[in-house]
Q: 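Got a structure for you, questions after.
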Amino acid sequence: MIDPDEMAADYARVFAARRPQSRLALVAAVCGADALAVAGWDGPVNYDNDTAKYAAVVRDWGRCFGARVVAVGSDTLHLSVAAPPTRTEEALLVAAEHFAFCPDIICQGAHPHTLAAYAERITDLNCWEFWWD
């Protein structure tokens, strides 16, 4: 597995290059997942206003996949992923978690709007991006 913090630094450089208007924020928290709740981020407020639930899921993805919070917006979340699913079967399980976490990524994402198609897209993908409308 690639070092999760190195992957996050690499993705942060790519993210910042693609979105030069982005700004750095420092939050006093143990990890990026905890920073979501500490900062009062309300990205998924249209679905649930308990940010602690989302932070817990992101913390678990950190343990399982080496995911790190790289950027947040008013309704977006960008994670680097050091150990993404590499097999279709595993990716399908992760896709189901992503759908429960953020239905818009499948319902409003790239066509076709199916878990299987989304699972194919995230297989071996080192960044996960979520948005809530």
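Given the structure is predicted, the values throughout are model-derived calculations rather than measurements. Residue numbers count from 1 along this sequence.
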Q: Does Ile105 belong to the same Ile/Leu/Val/Met/Phe/Trp/Tyr cluster as Trp41, with side-chain heavy atoms less than 4.5 Å apart forming each link?
A: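 Yes.
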Q: With rounding to the nearest 0.5 angstrom, report the OG to CH2 distance, Ser74 to Trp132.
A: 11.0 Å
Q: Could you go step by step and tell me if Leu92 and Leu115 meet the side-chain contact (heavy atoms from CB on, under 4.5 Å) rule?
A: CA-CA 7 Å; Leu92 194 54; Leu115 279 177; 4.1 Å; yes
Q: Once you round to the nearest 0.5 Å, how far does CD of Glu97 lie from SG of Cys64?
A: 7.5 Å
Q: For Gly66 and Pro4, which heavy atoms make the closest approach, and how far apart are they?
A: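 Result for this residue pair: O-CB, 3.6 Å.
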Q: Rounded to the nearest 0.5 Å, what's the gap from NE2 on His113 to SG on Cys107? Could you check?
A: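 If we round to the nearest 0.5 Å, His113:NE2 and Cys107:SG are 8.0 Å apart.
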Q: When rounded to the nearest 0.5 angstrom, what distance separates CG in Asp104 from CG in Asp75?
A: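 The CG atom of Asp104 sits 9.0 Å away from the CG atom of Asp75.
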Q: Tell me, please, which residues at least two apart from Arg13 pass salt bridge (charged side-chain N to carboxylate O under 4.0 Å, His left out).
A: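 Listed in chain order: Asp10.
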Q: Side chains of Thr123 and Arg87, heavy atoms from C-beta outward: is any pair under 4.5 Å?
A: no
Q: Please check this pair: side chain of Arg19 against backbone of Ala17, looking for a donor-acceptor N/O pair closer than 3.5 Å.
A: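 Not confirmed, Arg19 side chain does not pair with Ala17 backbone.
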Q: Report yes if some heavy atom in the side chain of Asn49 is under 4.5 Å from a heavy atom in the side chain of Asp42; otherwise report no.
A: no
Q: Where do Ala91 and Ala119 come nearest, in terms of heavy atoms and distance?
A: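 Shortest heavy-atom contact: CB-O, 3.5 Å.
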Q: Does the pair Val58 and Leu77 meet the rule for a side-chain contact (heavy atoms from CB on, under 4.5 Å), with working shown?
A: CA-CA 10 Å; Val58 172; Leu77 174 63; 3.9 Å; yes
Q: According to a hydrophobic-cluster definition based on side-chain heavy atoms being under 4.5 Å apart (Ile, Leu, Val, Met, Phe, Trp, Tyr only), do Leu125 and Val94 belong together?
A: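 Result: yes, single cluster for both.
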Q: Taking all atoms of both residues into account, what is the closest heavy-atom pair of Ala100 and Pro103, and its distance?
A: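 For Ala100 versus Pro103, the nearest heavy atoms are O-CD, 4.5 Å.
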Q: Check for me, please, whether Tyr11 and Val69 land in the same ILVMFWY cluster - side-chain distances under 4.5 Å, paths through other members count.
A: no
Q: Is there a side-chain contact between Pro44 and Phe101 (heavy atoms, below 4.5 Å)?
A: no
Q: Given the rule that I, L, V, M, F, W and Y join up when any side-chain heavy atoms are under 4.5 Å apart, are Val38 and Val72 in one cluster?
A: no
Q: Measure the OG1-CD distance between Thr88 and Glu90 for me, rounded to the nearest 0.5 Å.
A: 10.0 Å
Q: Can you list the steps and then say if Asp133 with Gln108 is a side-chain contact (heavy atoms from CB on, under 4.5 Å)?
A: CA-CA 9 Å; Asp133 282 336; Gln108 298 178 22; 2.3 Å; yes
Q: Could you please spell out the steps behind the side-chain contact (heavy atoms from CB on, under 4.5 Å) verdict for Cys127 and Phe15?
A: CA-CA 10 Å; Cys127 61; Phe15 186 91; over 6 Å; no
Q: Who passes ring pair (Phe, Tyr, Trp, His ring centres under 6.0 Å) against His98, sequence neighbours left out?
A: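 Ring pair (Phe, Tyr, Trp, His ring centres under 6.0 Å) check on His98 returns Trp61, Tyr118, Trp128, Phe130.
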Q: So do the side chains of Tyr47 and Tyr54 get within less than 4.5 Å of each other, counting heavy atoms only?
A: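 They are in side-chain contact.
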Q: Hey, does Ser80 have a side-chain heavy atom less than 4.5 Å from the side chain of Val70?
A: yes
Q: Would you say that Arg68 contacts Leu79 through its side chain, given a criterion of any heavy-atom pair below 4.5 Å between the two side chains?
A: no
Q: To the nearest 0.5 angstrom, please state how far the CG atom of Asp34 sits from the CZ atom of Arg59.
A: 4.5 Å
Q: Where the side chain of Asn126 meets the backbone of Val81, is there a donor-acceptor pair that is under 3.5 Å apart?
A: yes
